[in-house]
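Here is the structure we will look at, set down as C-alpha cells.
The chains referred to below are lettered A, B, ... by the order of the sequence lines, with proteins before strands, and numbering in each begins at 1. Basis for what follows: all heavy atoms, side chains included, without hydrogens, waters or symmetry-related copies.
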There are 2 protein chains.
Amino acid sequence: MPYRRTPKVQERLDAQRATIVAAATEQLAEHGYSGCSVSAVAERAGVAVGSVYQHFPTKADLVVHVFRQVVTREVDAVRAASARPGEPAERVLAVFETFAQRALKAPRQAYALLAEPVDARIDAERLEFRRAFTDVVAEHVAAGVKAGALPPQDGRLTAAALVGAAAEVLIGPLTSGNAGDVAELRTFVVRALGGSDARHA
Amino acid sequence: MPYRRTPKVQERLDAQRATIVAAATEQLAEHGYSGCSVSAVAERAGVAVGSVYQHFPTKADLVVHVFRQVVTREVDAVRAASARPGEPAERVLAVFETFAQRALKAPRQAYALLAEPVDARIDAERLEFRRAFTDVVAEHVAAGVKAGALPPQDGRLTAAALVGAAAEVLIGPLTSGNAGDVAELRTFVVRALGGSDARHA
DNA sequence: GTCTATAGTTCGATAGAC
DNA sequence: GTCTATCGAACTATAGAC
C-alpha cells in the first residue's frame, strides 16, 4: 500500500511550515538578513535544519516568501490608512506617515525591506514592493488633481518620486540609529504635492 | 637569476588591466550585469578568461571596481554642473537635470547603477553612491536656506528625499524604455524645494 | 526528476621574458 | 635555464527545459 499523507500528517506539516515562517519573520525583524541563517531560523522554530528544506527548496525561497508576506502587510497597512475619509492630499500624507511610523517602530525590519544589501532575488522583490506602494499613492494624487485640490501633474510620476523620497529619507535614520524626523518628511511631502496646505506647512 | 618584473612588463600588465576594465565598462553600459560574464568581458578585451583573474580575484571584484569608477564619473559630472554660478535652487536643479539627461542617454548603464538586481556587494555600493549624491545636493540646499532663498528645512533630509525621488522616477522609464519626462521631474524638484520659482513652474 | 546549458573558477601547458 | 604571464579547456555549480 502506497504511503498517503493523512489529513493529520498534512496538518502537522502545515503547522510546522507556519512555525518556520514565523521564526524567519521574527529573525528578519530583529536581525535582518544576517540573522536569517537557516540554522538560526530552525533553532528559533524548534526544528532541525533539514526540516526547513522540507518546505523550501533553498534558503532564498524562504526569505523571498517572508519578504513578500511582510511587504503585503505593510502595503495593506498604508492602504487602509489612506482609505479613511479625507482630502486627497491628506490621504497621501496618511500613506507616508503610516509608512514612516511603522518603519521607525521596527527599524531593523524596515531596513531589511528597503535597503539591506542581500541578493538579486530580493532586489527584484523590492522593485515590486515600490511599484505596489506607488500604485496606492498614485490613485490619491490623481484624485486630487481631478478634484482640483492639487495642481496638474502626472500622478504616477509624483507618486514614484514620493515613494523614492520617503524610502531614501528613512534609510538614513534606520542606518544611523537616530530617530528620523517624521515631521520634516511630512513637510516635504506637502510641499512636493503642491497642495493648498503648502503655505501653512 | 631570479625573475624580476621589468618596467616594460609592468606597463604591459597595466595596459591589459585597463583594457579589461574598459571592456567591462562597455559591457555594463550596453548590456548591464547580464552582459558582464567573464567570458564576454575577456572576449571584448581580446584576452583569455584566465587573464582576467590575473587582475581581479573574482568577477565580483571586477564589477565593483567598474561600478565605482562609473559612479565617480557621474557624481563628478553633477557636481561640475552644479558648480556653475547661479541661485542655490538652480544649482540643485542643475544636479538633477544633469543626472536625468545622462541617465536617459545611457539607459542601460543607468539602470545597472540604480536598480538592476545583482548582489549584496553592489547593493552596498549603491548606498554609498546615493550618499555621495546626497552630499552634493545637501550643500546647495543648505546654502539656499542660509541665503533665505529657500524656506527653512533640513538640507540633508531634503537632499536625500530628492535623490530618492529622482532615482525612483528614472527607474520607470529605464525599465519600460519610454523616454522619461525630465520636465515633470524638474517641476517636482522645484515644488519640493519650495523655492520662489514654485509659483511659475 | 533528469538533462542540458551556461557561468564562475581553476589549473596544467606553453611561450616568452629574464 | 628558470620563472611567469597567458591561454583555454576542464571542473563545479547552478538554472532552466522537457
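- The side chain of B:S37 lies closest to C:dA7, out of C:dA17, C:dA7, D:dT6.
- Listed for the A:Y111 side chain is no donor-acceptor partner under 3.5 Å among the backbone atoms of A:I171.
- The interatomic distance linking B:F56 (CZ) with C:dG8 (P) rounds to 15 Å, in whole Å.
- Distance, B:Q54 CD to D:dC3 C1': 13 Å, rounded to whole Å.
- Ionic pairing of B:K8 and B:E11 is not present here: no N-O contact between side-chain nitrogen and carboxylate oxygen is shorter than 4.0 angstrom.
- Taking the charged nitrogens against the carboxylate oxygens, B:R131 and A:E168 have no contact shorter than 4.0 Å, which rules out a salt bridge.
- The shortest distance between the side-chain N/O atoms of B:S51 and the OP1/OP2 oxygens of D:dC7 is below 4.0 Å.
- Nearest heavy-atom pair, A:A112 versus A:F67, reported as atom, atom and distance to 0.1 Å: O-CE1, 4.3 Å.
- Nearest to the side chain of B:Y53, among D:dC7, D:dA5, C:dT10, sits C:dT10.
- Rounded to a whole Å, the CG atom of A:D61 is 11 Å from the P atom of D:dG16.
- The distance from atom NZ of B:K59 to atom P of D:dT12 is 21 Å, rounded to the nearest whole Å.
- Per the geometry, CD belonging to B:E43 stands 12 Å off P belonging to C:dA7, to the nearest Å.
- Annotation: proximity of residues 10-20 of chain B to DNA chain D (heavy atom, distance under 4.0 Å) is found for B:R12, B:L13, B:Q16, numbered in ascending order.
- Judged by distance alone, the side chain of B:E125 and the main-chain N or O of B:A120 form no donor-acceptor pair under 3.5 Å.
- Among the heavy atoms of the strands, none lies under 4.0 Å from B:S39.
- Between B:P57 and B:K8, the residue anchored nearer the 5' end of DNA chain C, judged by the nucleotide with its closest heavy atom, is B:P57.
- Electrostatic pairing of B:E116 and B:R126 does not count as a salt bridge here, judged by no charged N lying under 4.0 Å from a carboxylate O.
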